[in-house]
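Notes for the one structure printed next.
Labels below follow one simple rule: chain letters A, B, ... track the order of the sequence lines, proteins then strands, and each chain is numbered from 1.
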There are 2 protein chains.
Amino acid sequence: MAVTPYSQIGNARPLLRQEVIERIKGYILDNRLKPGDPLPTEAELCAALGASRSSVREAVKTLAALDIVEVRHGHGTYVGRLSLSALVEGLTFRGLLSPEDDFRVLSDLVDVRELFERGMVDRIIASLDPARLDTLDLVVDEMHTRISEGLDIVDADRRFHALLVEPLANELIRQLSSACWDVYAIVAPHLNVITTKDEQDTVSAHRAMVSAVRGGDPQAFEDAVRAHYAPVRRRIAEAQGRVHGTAH
Amino acid sequence: MAVTPYSQIGNARPLLRQEVIERIKGYILDNRLKPGDPLPTEAELCAALGASRSSVREAVKTLAALDIVEVRHGHGTYVGRLSLSALVEGLTFRGLLSPEDDFRVLSDLVDVRELFERGMVDRIIASLDPARLDTLDLVVDEMHTRISEGLDIVDADRRFHALLVEPLANELIRQLSSACWDVYAIVAPHLNVITTKDEQDTVSAHRAMVSAVRGGDPQAFEDAVRAHYAPVRRRIAEAQGRVHGTAH
DNA sequence: ACTTATTTGTTCGTATGTATG
DNA sequence: TCATACATACGAACAAATAAG
């Protein structure tokens with residue numbers, strides 16, 4: 001009796017799959033691999049870890065969901081980009097599910113986006129060189145042109161804010177800010193939040209932000225940021241009002 | 001010829017597993033399920049989605065990594081808590097791997113934590129009622145007591161900052177702040193960053209923050225927050241210096 | 001264009017561990 | 001103790017994508 005259940009693996013066996021996950025992570029850490037570096041094939045991992053292909057595959061799928069690992073069909077498995085894609089997926093799903101009030105999630109996202117820009121005023125002003133400021137001007141000009149042509153400015157808007165936090169030398173803030181943008185762009189349309197209105201106001205607000213940075217005026221920048229996000233919040237409130245007005 | 005490859009599934013076939021993932025998410029959304037609600041068993045999902053057990057299991061593992069789904073061995077599959085656990089796992093791994101300078105990740109985390117508190121000054125002051133302020137005092141007293149007993153204040157410190165952002169009515173900021181704390185607490189010790197030093201200064205800074213909120217003084221609060229995080233950054237710099245000093 | 005080899009994707013059957021009653 | 005329902009794990013076989021000859 002006391003038949004050893006599965007295979008090797010010492011004594012503690014709190015889910016073989018979890019064990020495999022940890023050992024793959026350990027492999028990457030021990031060998032100091034970088035994103036894009038190749039990992040052993042499934043067959044090699046099975047042999048090395050003494051686990052079946054199913055267990056290895058399930059472990060790899062978990063790591064792929066976290067972007068710690070990236071799998072290419074018919075090609076191989078590689079170290080992932082370590083992006084925040086999992087955060088985007090998770091928050092997006094939360095926004096689409098939203099148990100009670102569907103709009104809390106959206107305004108939370110806007111809070112964070114505004115916070116990153118308002119809270120980093122000093123560093124933004126200090127780090128934005130003339131070349132970047134000129135690029136920001138070009139993006140705002142592009143917005144103006146597109147509006148007069150009846151086109152949307154979603155992409156330009158996105159690039160503007162990315163350029164703003166990019167020179168902060170804080171990768172985490174850059175990616176979190178970008179993630180909030182992604183989630184908002186996916187969730188808002190599903191909740192019928194108009195994202196293409198008051199666009200002239202949006203352009204003006206952007207111009208005010210650039211000129212505040214040029215003038216090195218933190219207070220003016222903060223005011224411009226607030227002025228930029230105020231209409232966004234109003235649109236969320238309007239969509240919320242429509243829902244409460246029409247449906248129960 | 002033109003043999004239909006797998007089974008049902010119409011024309012586009014971008015990985016059956018991905019299809020299963022989307023349909024499970026759709027099932028949760030369509031039925032407006034809440035965290036904790038039971039999902040169909042693996043066998044039922046196989047039948048309903050026309051996929052094998054392996055495909056369903058791999059899809060479920062991906063969703064479990066995002067906390068969209070939660071699996072209990074021998075019990076069943078349920079809707080997950082939609083927490084930011086994936087963010088914590090991903091950032092922690094990034095911090096442990098850190099290709100170039102290992103300490104950038106830590107200072108990025110501190111930036112975000114400070115940002116949340118500094119940037120929300122007005123709302124923190126507006127939302128902290130007397131009862132919560134008293135609780136904050138108690139936590140600071142606990143820190144003081146523990147230090148004189150030679151104990152660490154990690155847990156109390158964590159609770160203090162959680163209490164600070166809790167009444168903000170912004171679930172996202174609350175969870176992001178908490179996630180940054182989690183990641184820092186895991187990664188810092190691995191990089192030999194001392195987390196238990198200057199503890200008297202830390203207590204003083206906390207007391208200053210509470211009293212600034214009590215006095216309704218935004219500027220004093222901001223100053224206190226900066227004073228609180230300055231020594232944290234210094235410890236990171238010291239650890240970095242030790243590495244550059246001893247090893248190459 | 002056609003093979004061949006490698007690697008991941010998918011399926012199925014079987015057996016085991018876990019929780020509930 | 002037993003039975004049931006469920007997730008976990010294994011292994012072999014075949015399908016599909018990719019790269020190289």
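Nearest-nucleotide mapping onto DNA chain C: of A/Ser54 and A/Arg72, the residue sitting toward the 5' end is A/Arg72. Nearer to the 5' terminus of DNA chain D, by closest-nucleotide assignment, is the contact made by B/Val71 (compared with the other of A/Gly74 and B/Val71). Each of A/Ser52 and B/Glu44 has a nearest nucleotide on DNA chain D; the 5'-most of these lies closest to B/Glu44.
For the pair A/Tyr78/A/Leu39, no side-chain contact is recorded, criterion being any heavy-atom separation below 4.5 Å from C-beta on. Put simply, the side chain of B/Arg132 reaches to within 4.5 Å of the side chain of B/Glu166, judged on heavy atoms.
Taking only side-chain nitrogens and oxygens, B/Thr77 never comes nearer than 4.0 Å to OP1 or OP2 of D/dC6. At C/dT6, none of the side-chain N or O atoms of A/Thr41 fall inside 4.0 Å of OP1 or OP2 (strictly under the cut-off). In this structure, A/Lys61 does not reach the C/dT8 phosphate: none of its side-chain N or O atoms is under 4.0 Å from OP1 or OP2.
When the C1' atom of D/dA9 is taken as reference, atom CD of A/Glu19 falls 15 Å away, rounded to whole Å. Rounded to a whole Å, the CD atom of A/Glu70 is 18 Å from the P atom of D/dA17. The CG-P distance, from B/Leu16 to C/dC12, rounds to 11 Å in whole Å. Going from atom CD of A/Glu42 over to atom P of D/dC10 covers 14 Å, rounded to whole Å. The nearest whole Å value for the distance from the CG atom in B/Leu45 to the C1' atom in D/dC6 is 12 Å. One interatomic measurement links the two molecules: CD of A/Glu58 to C1' of D/dT8, which rounds to 8 Å at whole-angstrom precision. At whole-Å resolution of the value, CZ in A/Arg57 and P in D/dA9 are 15 Å apart. Following rounding to the nearest Å, B/Arg17 (CZ) and C/dT11 (C1') show an atom-to-atom distance of 14 Å.
With hydrogens and angles ignored, a donor-acceptor pair under 3.5 angstrom links the side chain of A/His73 to the base of C/dT8. Evaluation of atom-type donor-acceptor distances gives a pair under 3.5 Å for the side chain of A/Arg53 against the base of C/dG9.
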Full working for salt bridge (charged side-chain N to carboxylate O under 4.0 Å, His left out) between A/Asp182 and A/Arg158 = CA-CA 9 Å; A/Asp182 288 341; A/Arg158 187 211 174 75; 2.7 Å; yes

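Classification of A/Glu171 and A/Arg174 as a salt-bridged pair holds, one side-chain N sitting under 4.0 Å from a carboxylate O. With respect to the salt-bridge test (charged N to carboxylate O, under 4.0 angstrom), the residues A/Glu89 and B/Lys25 qualify.
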